[in-house]
Amino acid sequence: MRWGRCGPRRHRLQARPSMKSELQALLREALGTLGLATDAPAPADARLPRPTLERTRDPAHGDFASNAALVLARSAGLRPRDLAERLLAALPASPLVTRVEIAGPGFINFHLSPTAYHQVVPIILQQGPAFGRSRIGAGQRVQVEFVSANPTGPLHVGHGRGAAYGAVVADLLAAVGYDVHREYYVNDAGRQMDILAASVWLRYLELCGEELPFPSNGYRGDYVWDIAAALHREHGDAYRVERAVVFAGVPADAGGDRPDGDQEAHIDGLVANAKQLLGDNRYRLVFELGLNTILDDIRDDLAQFGLTYEEWYSERTLSERGAVHRAIERLRTAGHVYERDGALWFRSSAFGDEKDRVVVRENGQSTYFASDIAYHMDKLERGFARVIDIWGADHHGYVPRVKAALTALGDDASRLDVLLVQFAVLYRGGEKVQMSTRSGDFVTLRQLRQEVGRDAARFFYVMRRCEQHLDFDLDLAKSQSADNPVYYIQYAHARVCSVLRQAADKGLALDLAPDRGQLERLTEAQENNLLRTLSRYSEVIETAALGHEPHQVATYLRDLANDFHTYYNAHQFLVTDTDLRDARIKLILAVRQVLRNGLDLLGVSAPERM
RNA sequence: GCCCUCGUAGCUCAGUCGGAUAGAGCAGCCGCCUCCUAAGCGGCAGGUCACAGGUUCGAAUCCUGUCGAGGGCACCA
């Protein structure tokens, strides 16, 4: 995290979002006093490290440590420890800090007062669900596009990870003050959709009693039968065409007894025949029926997974509005396209791509890539400060060409971040669950939710870094044991609720007013650990949001739950000493609040009893 | 072949912008319920951070190369 650009400002204890930013302000002031501006733009040599303030790993080094003296010694013309001395002298006093010392090669270690930690409890209780949220995004508009699976079939478990990851990235950005626009790009045009329409029609013909060979490249899932059955129910035989006519002039399929055939030409021939035999209106109806049925299913599926979108963006309307044409013309005007072999090519190799790419095919149809150029152009034209795409890792080769297109259009490609999510592999009984999209034999997201539940699914999907392959252990996700991190964390929450129920049952009068001084009674090691962990929450949310790293929240919550369970086992909360009891109840109420806030960000519920 | 990502304890993974003695969980071993939920807690053991160089006060982290795993290299989307 950079140190911010705000000028020297009187520090006010409560105004800072976290104790870390409070200390940063102190340090910045000291640096300013010595004329070592940290607000200057980064030096040309970006490899020069910048001063940082970090949590220490070893308590002997205090609570926070800064490497400022080490990093700035050279430019200041001083030895690190000498510079550290001067910084120490220039450091303003603060009630948070009890002691500052120089250690090792020139680290500056800050020891914080117990009060600094105690005050985090009333802050959490006052801010409630808002605790951990901040305004560092300053209302900047950010677009997050995720899932965007083709509406040619139900979502499967591979899409689930992108869905969970994208949802949390978006929510995190919103939590730190960005104006987030969540979007699903609907590929409702193009060849794959035509293949779906043809697949539906062929299954319909089978329901009508026609016997026909199903194309090897058609969509074979059961859902295609369902859509075909709906068509047949509503329209009887009105769309029926004899088998011989359907296959007239269609090149042979490949596979099975015809290894010499051509799958692609075969399915394209069937699509062409379907369009011609059905005519515009009837073809359109079949097409729309397939699209809408599947899209409705996807919407419903994602809603039940806890995902909401601000917008479902149609590829078809994009091209109908002329955006694709306009994008290509802009590239043409800028001199970045050329014709070869009857097709129109974008010279993406001039902008860092491996090779040039076709935007208009020989048959006159624009490519999916052309739509994507138009779509990304449109995103930037809509005025988003940042645009985030979340794609499956198998699309990584696609990143350079999209960025190339934006650069060629004269846009700033650095406004686009593409986050690549690796695949999730399911394990059941220690065995890898085999899946194959080809045969339609895949586990759907809905099935996964039904098997392990929404909470476990959401949590497991985001508990690893996105570029890490995910081993999704179904048995673990279902197990109601401490091994299961979801239950472990939720159990901590339920335990706090349980203690409060006990207090109520015993008729104990709790004084939970914010500032009564009882918090000074929290002196046990477990209490100090808990306070330290609670005070980290805002920092975790900030780094998780800015780094697009939901797993940090998952890891943090596990730590917090662990600290709580340790405390629970070591000390009784409902003691007879009322001040101590009130202090402990306030502390665990703060724990409960932070658990809730964190789980909420992950889309996981916080049950009151288990 | 070229490109991208990854390689940390037996297994699954954290490790902040390069920071001080590399951390969790599981599995293993030893303990802890007359007590707010044992769906819990404590302890022990476990490491050449794939390998080799380089950069510097300092490298698991940055650079180069090698090896290994996954993915990508369409007038498909």
Side-chain angles (χ1 to χ4, degrees), chain A residues 1-2 47 49-52 54-58 60-61 65 67 70-71 73-74 79-80 103-107 109 149-150 152 187 189-193 195 217 264 315 340-345 354-355 357-363 365-369 371-372 392-400 420 422-423 427 463-465 467-471 473 476 479-485 487-488 490-492 494-503 505-506 539-540 543-544 547 549 551-552 554-556 558-559 561-562 564-575 588 609-610:
Chain A
M1 182 60 208
R2 223 168 316 161
R47 294 175 62 183
R50 272 185 292 218
T52 61
E54 291 174 343
R55 295 261 174 185
T56 58
R57 247 177 243 164
D58 185 344
H61 299 141
N67 62 356
L70 291 164
V71 170
R74 181 171 299 176
R79 282 182 305 197
F107 288 105
N109 292 340
N150 285 350
T152 53
N187 297 128
R191 181 165 172 264
Q192 293 305 319
M193 289 309 298
I195 293 175
N217 255 11
E264 307 296 340
E315 177 188 359
R340 199 218 309 163
D341 304 332
L344 191 68
W345 296 70
E354 292 175 355
K355 50 173 284 194
R357 310 288 174 177
V358 171
V359 285
V360 181
R361 290 198 284 261
E362 194 176 0
N363 65 12
Q365 285 197 324
S366 58
T367 58
Y368 173 84
F369 177 45
S371 292
D372 232 0
D394 54 333
H395 284 65
H396 71 76
Y398 202 73
V399 178
L420 300 170
Q422 286 288 347
F423 299 123
Y427 286 83
M463 71 182 177
R464 304 291 180 226
R465 282 162 51 221
E467 54 273 294
Q468 196 75 246
H469 295 262
L470 176 68
D471 288 341
D473 185 335
L476 179 61
S479 83
Q480 305 204 349
S481 75
D483 306 354
N484 183 342
Y487 279 90
Y488 184 83
Q490 289 180 321
Y491 181 46
R495 262 187 157 173
V496 177
C497 296
S498 174
V499 171
L500 293 172
R501 283 193 296 271
Q502 286 287 329
D505 289 349
K506 290 180 181 173
E539 297 159 32
V540 170
T543 55
E549 296 180 326
H551 76 275
Q552 291 206 28
T555 304
Y556 170 85
R558 218 259 158 216
D559 287 347
N562 182 26
F564 172 76
H565 288 308
T566 300
Y567 183 35
Y568 183 97
N569 270 54
H571 299 286
Q572 191 82 13
F573 306 148
L574 302 176
V575 291
I588 66 170
R609 57 178 86 223
M610 294 171 72

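Here is how names work: the chains are called A, B, and so on, in the same order as the sequence lines, proteins then strands, and each is numbered from 1. Since the structure is predicted, the reported quantities are computational estimates derived from the model, not experimental observations.
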Please classify the nucleic acid contact of A:Glu467 as base, sugar-phosphate, or nothing, using heavy-atom distances under 4.0 Å. sugar-phosphate
Nearest-nucleotide comparison on RNA chain B, the residue closer to the 5′ end among A:Gln422 and A:Gln192: A:Gln422
Distance check needed: B:G23 C1' versus A:Asp559 CG, whole Å only. 10 Å
Any base atoms under 4.0 Å from A:Ala494, or only sugar-phosphate, or nothing? Heavy atoms, all strands. base
So what does A:Asp505 touch, heavy atoms closer than 4.0 Å: a base, only the sugar-phosphate, or nothing? nothing
With distance as the sole test, does A:Thr555 use its side chain to make a donor-acceptor pair with the main-chain N or O of A:Gln552 at under 3.5 Å? no
What distance separates A:Ile195 CD1 from A:Arg191 CZ, expressed to the nearest 0.5 Å? 4.0 Å
Would you measure the distance from the P atom in B:C17 across to the matching atom in B:C62 and give it in whole Å? 11 Å
Check the phosphate of B:A20 against A:Arg57, side-chain N and O only, distance under 4.0 Å to OP1 or OP2. Yes or no? yes
Does A:His551 lie flat on the base of B:A14, that is, centres under 5.5 Å apart and planes under 30° off? no
What interatomic distance, in whole Å, is found between C1' of B:C13 and the corresponding atom of B:G46? 16 Å
With rounding to whole Å, what would you report as the distance between B:C49 and B:A60 at their C1' atoms? 5 Å
By the 4.0 Å heavy-atom rule, please label A:Tyr398 as base, sugar-phosphate, or nothing. base
Heavy atoms from C-beta onward define the side chain here; which of B:G25, B:G72, B:A39 lies closest to that of A:Glu354? B:G72
Pair partner, B:A50 [Watson-Crick or wobble, under 3.5 Å]: B:U66
Among B:G7, B:A74, B:A77, the one nearest any side-chain atom of A:Lys355 is B:A74
With under 30° as parallel and over 60° as perpendicular, where do the rings of A:Phe564 and A:Tyr568 fit, or are they tilted in between? tilted
So A:Ser498, base contact, sugar-phosphate only, or nothing? Heavy-atom distance under 4.0 Å. base
Along RNA chain B (nearest heavy atom to each residue), the more 5'-positioned of A:Val360 and A:Leu70: A:Leu70
At 4.0 Å (heavy atoms only), tell me whether A:Arg609 reaches a base, stays on the sugar-phosphate, or touches nothing. base
Has A:Asp341 got a side-chain atom pairing as donor or acceptor with A:Ala343's backbone, closer than 3.5 angstrom? no
Verify whether one side chain among A:Ser371 and A:Glu315 offers a donor that lies under 3.5 Å from an acceptor in the other. yes
Could you state the CG-C1' distance from A:Leu476 to B:C11, rounded to the nearest angstrom? 12 Å
First locate atom CE of A:Met610, then atom OH of A:Tyr487, and finally report the distance between them rounded to the nearest 0.5 Å. 6.0 Å
Of A:Val358, A:Val359, A:Thr367, the one forming a side-chain contact (heavy atoms from CB on, under 4.5 Å) with A:Leu344 is A:Val359
Using the side-chain heavy atoms of A:Thr555, tell me which of these nucleotides is nearest: B:A38, B:C41, B:A14. B:A14
Among B:G19, B:C36, B:G72, the nucleotide that comes nearest once only the side chain of A:Gln572 is considered: B:C36
At 4.0 Å (heavy atoms only), tell me whether A:Asp473 reaches a base, stays on the sugar-phosphate, or touches nothing. nothing
The side chain of A:Asn569 is closest to which nucleotide in this list: B:C41, B:A77, B:A20? B:C41
The side chain of A:Thr52 lies closest to which of these nucleotides: B:A39, B:A20, B:C17? B:C17
Can you tell me the distance, in whole Å, between the CE atom of A:Met463 and the C1' atom of B:U12? 8 Å
For atom OH of A:Tyr427 and atom P of B:U12, their distance in whole Å: 8 Å
Let me know the distance between CZ of A:Arg464 and P of B:U8, rounded to the nearest Å. 13 Å
Reckon A:Gln468 touches a base, only the sugar-phosphate, or nothing at all at heavy-atom distances under 4.0 Å? sugar-phosphate
Length of the CZ-C1' vector between A:Arg191 and B:C75, whole Å: 11 Å
Return the nearest nucleotide to the side chain of A:Pro105; candidates are B:C35, B:C57, B:C26. B:C57
To the nearest Å, give me how far apart CZ (A:Arg79) and C1' (B:C57) are. 13 Å
Distance check, C1' atoms only: B:C35 and B:C41, in whole angstrom units. 14 Å
Base, sugar-phosphate, or nothing for A:Ala343, non-hydrogen atoms under 4.0 angstrom? base
When we call it a touch if two heavy atoms are under 4.0 Å apart, what does A:Glu54 touch: a base, just sugar-phosphate, or nothing? sugar-phosphate
Report the nucleotide, chosen from B:G15, B:C75, B:G71, that has the shortest atom-to-atom distance to any side-chain atom of A:Phe423. B:G71
What nucleotide among B:A20, B:C17, B:A39 has an atom nearest to a side-chain atom of A:Met610? B:A39
Taking only the P atom of each, what is the distance from B:A59 to B:C30 in whole angstrom? 41 Å
Centroid distance below 5.5 Å plus an interplanar angle below 30 degrees: do A:Phe107 and B:A20 meet both conditions? yes
Output for pair (A:Ser498 OG, A:Arg609 CZ), nearest 0.5 Å, gives 8.0 Å
Just compare B:C17, B:A38, B:G25 and give me whichever is closest to any side-chain atom of A:Arg495. B:A38
Where the chi angle of B:C33 falls, syn if within 90° of 0 and anti if not: syn
Let me know the distance between CZ of A:Arg465 and C1' of B:A14, rounded to the nearest Å. 9 Å
If only side-chain N and O atoms of A:Tyr568 are considered, is one of them under 4.0 Å from the OP1 or OP2 phosphate oxygen of B:G42? no
Tell me if a side-chain donor or acceptor on A:Asn484 pairs with a main-chain N or O of A:Leu476 at a distance below 3.5 Å. yes
Tell me what A:His469 touches on the nucleic acid: a base, only sugar-phosphate, or nothing, going by heavy atoms under 4.0 Å. sugar-phosphate
Nucleotide paired to B:C2 in any strand shown, Watson-Crick or G-U, under 3.5 Å: B:G72
Sugar-phosphate only, base, or nothing, as touched by A:Leu420 at under 4.0 Å among non-hydrogen atoms: nothing
Roughly how far apart, to the nearest Å, are B:U61 and B:G54 at atom P? 14 Å
Identify whether any heavy atom of A:Ala492 sits under 4.0 Å from a base atom; if not, whether one sits that close to sugar-phosphate; answer base, sugar-phosphate or nothing. nothing
Does the B:A20 base have a donor-acceptor partner in the side chain of A:Asn67 within less than 3.5 Å? no
For A:His396, which contact category applies under a 4.0 Å heavy-atom criterion: base, sugar-phosphate, or nothing? base
How far, in whole Å, is B:G47 from B:G7 if one measures between their C1' atoms? 15 Å
With both distances kept under 3.5 Å, what pairs with B:A24, Watson-Crick or G-U wobble? B:U12
May I ask you to decide if A:Tyr488's main-chain N or O and A:His565's side chain share a donor-acceptor pair within less than 3.5 Å? yes
Considering every strand shown, what is the Watson-Crick or G-U wobble mate of B:G19 when both distances are under 3.5 Å? B:C57
Only pairs with both distances under 3.5 Å count, Watson-Crick or wobble alike; so what is the partner of B:C32 in this structure? B:G40
